[in-house]
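Data first, discussion second: the structure below is written as structure tokens.
The sequence lines fix the lettering, A, B, ..., with proteins before strands; numbering per chain opens at 1. Just the heavy atoms: all of them, side chains too, but no hydrogens, waters or symmetry mates, feed the values below.
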Protein chains: 2
Amino acid sequence: MREELSGKQQQIFEFLRTFLEDKDYPPSIRDIQEGCGISSTSVVDYNLRKLEEKGYIRRDREVSRGIEILGARRNRARIIEIPVLGTIAAGQPIPVPTSDRFGNDSDDTVAVTEDMIRGRPNVFALRVKGTSMIEDLIDDGDIVFLEPAQAASNGEKVAVWLKDRGEVTLKRYYHEGTRVRLQPANSTMEPIYTAPENVEIQGRFISSLRPSG
Amino acid sequence: MREELSGKQQQIFEFLRTFLEDKDYPPSIRDIQEGCGISSTSVVDYNLRKLEEKGYIRRDREVSRGIEILGARRNRARIIEIPVLGTIAAGQPIPVPTSDRFGNDSDDTVAVTEDMIRGRPNVFALRVKGTSMIEDLIDDGDIVFLEPAQAASNGEKVAVWLKDRGEVTLKRYYHEGTRVRLQPANSTMEPIYTAPENVEIQGRFISSLRPSG
DNA sequence: GCGCGCCCCGAACGAATGTTCGCCGCAAGC
DNA sequence: GCTTGCGGCGAACATTCGTTCGGGGCGCGC
């Protein structure tokens, strides 16, 4: 727990937060003065110093409006915008939606908090169609996050491109001797068997998200 | 697609973004000048006006550093911090963790993007223990989001408090004549039958989240 | 060539902003 | 009563910062 704040200090801190919230830039000392009904800029300065000492904010001297709020809030837990590149079949494979791979022009994105992808770079997302991965808790309409990958270990969930069909699908991957088995996680569905040369791994499953309805 | 930017305008826009990223307050015109190796503040001003005309930024005149980046990025898609009030059994019910209801003192929170809860107020979260809801795609270790509720329709997933046992559990709710059936979503498990007076509904299921491992 | 639009330059001006300084009131401790 | 520390006040003062202004270069259409 951090040091206690006086009433005015709490008030200023709260004002700081809300101001940042909707303006996206920090208030000047005189903004705070007006916003909190304080009669002198020096009082604001005084309490700002206190707030800084107590570790609530950081000030950048010689910079106007150089105030940052420290700790939890907007600092950590940043939002990452993940591009949703299209739809992927978990069921019957469906054609690759747009350009050569997945297409890169869509403006469709999902915002997730950083911890969903744990710092992996280049994560992308696909909308799931079908229920073939239902036993892996991936349902129709879910969004899956994938990271680019060219290879997979047995049992990993991957998005693969089936060259002969020109389609992509989400399955568990098993390399079995001279063939590849693409296994749905749905006991009512049959696996796909194909030649290794026919499959091109597009991405490795990271996590899924079920948009609330 | 928005209007094209000249090289310098792109450079400035990029600088703006990265500056915002790590400082958390916008740069002054002279910051931009230095950062982009421009020889006059008026050039910066000129291009900033262009950027504003083209809809990339918004400037607040008569405010120093009054620059906001418009569009997708950091602007909307807010983060909500949901308190995680404890653990709930999806399996054998477990004792209510802390104080009278769920306890309200924990600092544990999960950050989610706004669209997970679609503006519902007072949403809270519980960590799931057990696999009794596995067929509803809720696994052990998942986090479920609930909204406060006192009643439920048949088939809804709810967190209920079993008075006689002093325990809470997550189940599907069915009112059947003189009794209540609490149905797990796991075919290997049996429902709980009990009297309506014995159950107190604590919350209605909204969505779940599987923290990435 | 000439005008025009676009982009850049440097310097200066004035408004916005952070900081300092002397002074006051009040409560706690001696 | 006196001192000391906290919190507040108001008025300068010194920087920081945004804006303006006269001017220049370059390419394009007439």
Mind listing the N/O atom pairs, protein and nucleotides 19-23 of chain D, below 3.5 Å?
from: D/dT19; atom 1: OP1; to: B/Arg61; atom 2: NE; distance (Å): 2.9
from: D/dT19; atom 1: OP2; to: B/Asp45; atom 2: OD1; distance (Å): 3.1
from: D/dT19; atom 1: OP2; to: B/Arg59; atom 2: NH2; distance (Å): 2.6
from: D/dT19; atom 1: O4; to: B/Thr41; atom 2: OG1; distance (Å): 3.0
from: D/dT20; atom 1: OP2; to: B/Arg49; atom 2: NH2; distance (Å): 2.9

Value in whole Å for how far the [atom2] atom of [N] lies from [atom1] of [X]:
X: A/Ile67; N: C/dG18; atom1: CD1; atom2: P; result: 7 Å
X: A/Arg65; N: D/dG18; atom1: CZ; atom2: C1'; result: 12 Å
X: B/Asn47; N: D/dG18; atom1: CG; atom2: P; result: 15 Å
X: A/Lys54; N: D/dC6; atom1: NZ; atom2: C1'; result: 11 Å
X: A/Lys50; N: D/dG7; atom1: NZ; atom2: C1'; result: 9 Å
X: A/Tyr46; N: C/dC21; atom1: OH; atom2: P; result: 17 Å
X: B/Glu34; N: D/dC17; atom1: CD; atom2: P; result: 10 Å
X: A/Leu51; N: D/dG7; atom1: CG; atom2: P; result: 11 Å

task = Give a yes/no on whether any side-chain N or O of A/Ser39 is located under 4.0 angstrom from OP1 or OP2 of D/dG8.
result = no
message = Tell me whether the side-chain N/O atoms of A/Ser64 come closer than 4.0 Å to OP1 or OP2 in D/dT15.
response = no
request  = Test the B/Lys54-B/Tyr56 pair against the cation-pi criterion, namely NZ or CZ under 6.0 angstrom from the six-membered ring centroid and within 45° of the ring axis.
outcome  = no
Side-chain ion pair, A/Asp136 and A/Arg172, N-O less than 4.0 Å = yes
task = In plain terms, say whether A/Arg58 and A/Glu52 are close enough for a salt bridge, that is, a side-chain N and a carboxylate O under 4.0 Å apart.
result = no
inquiry  = Checking B/Asp45 against B/Ser42: is there a side-chain donor and acceptor pair closer than 3.5 Å?
reply    = no
query = Going from CD1 on B/Ile57 to CG on B/Leu51, what distance comes out if it is rounded to the nearest 0.5 angstrom?
reply = 5.0 Å
ask   = In chain order, what residues pass the ring pair (Phe, Tyr, Trp, His ring centres under 6.0 Å) check against A/Tyr46, with sequence neighbours excluded?
value = none
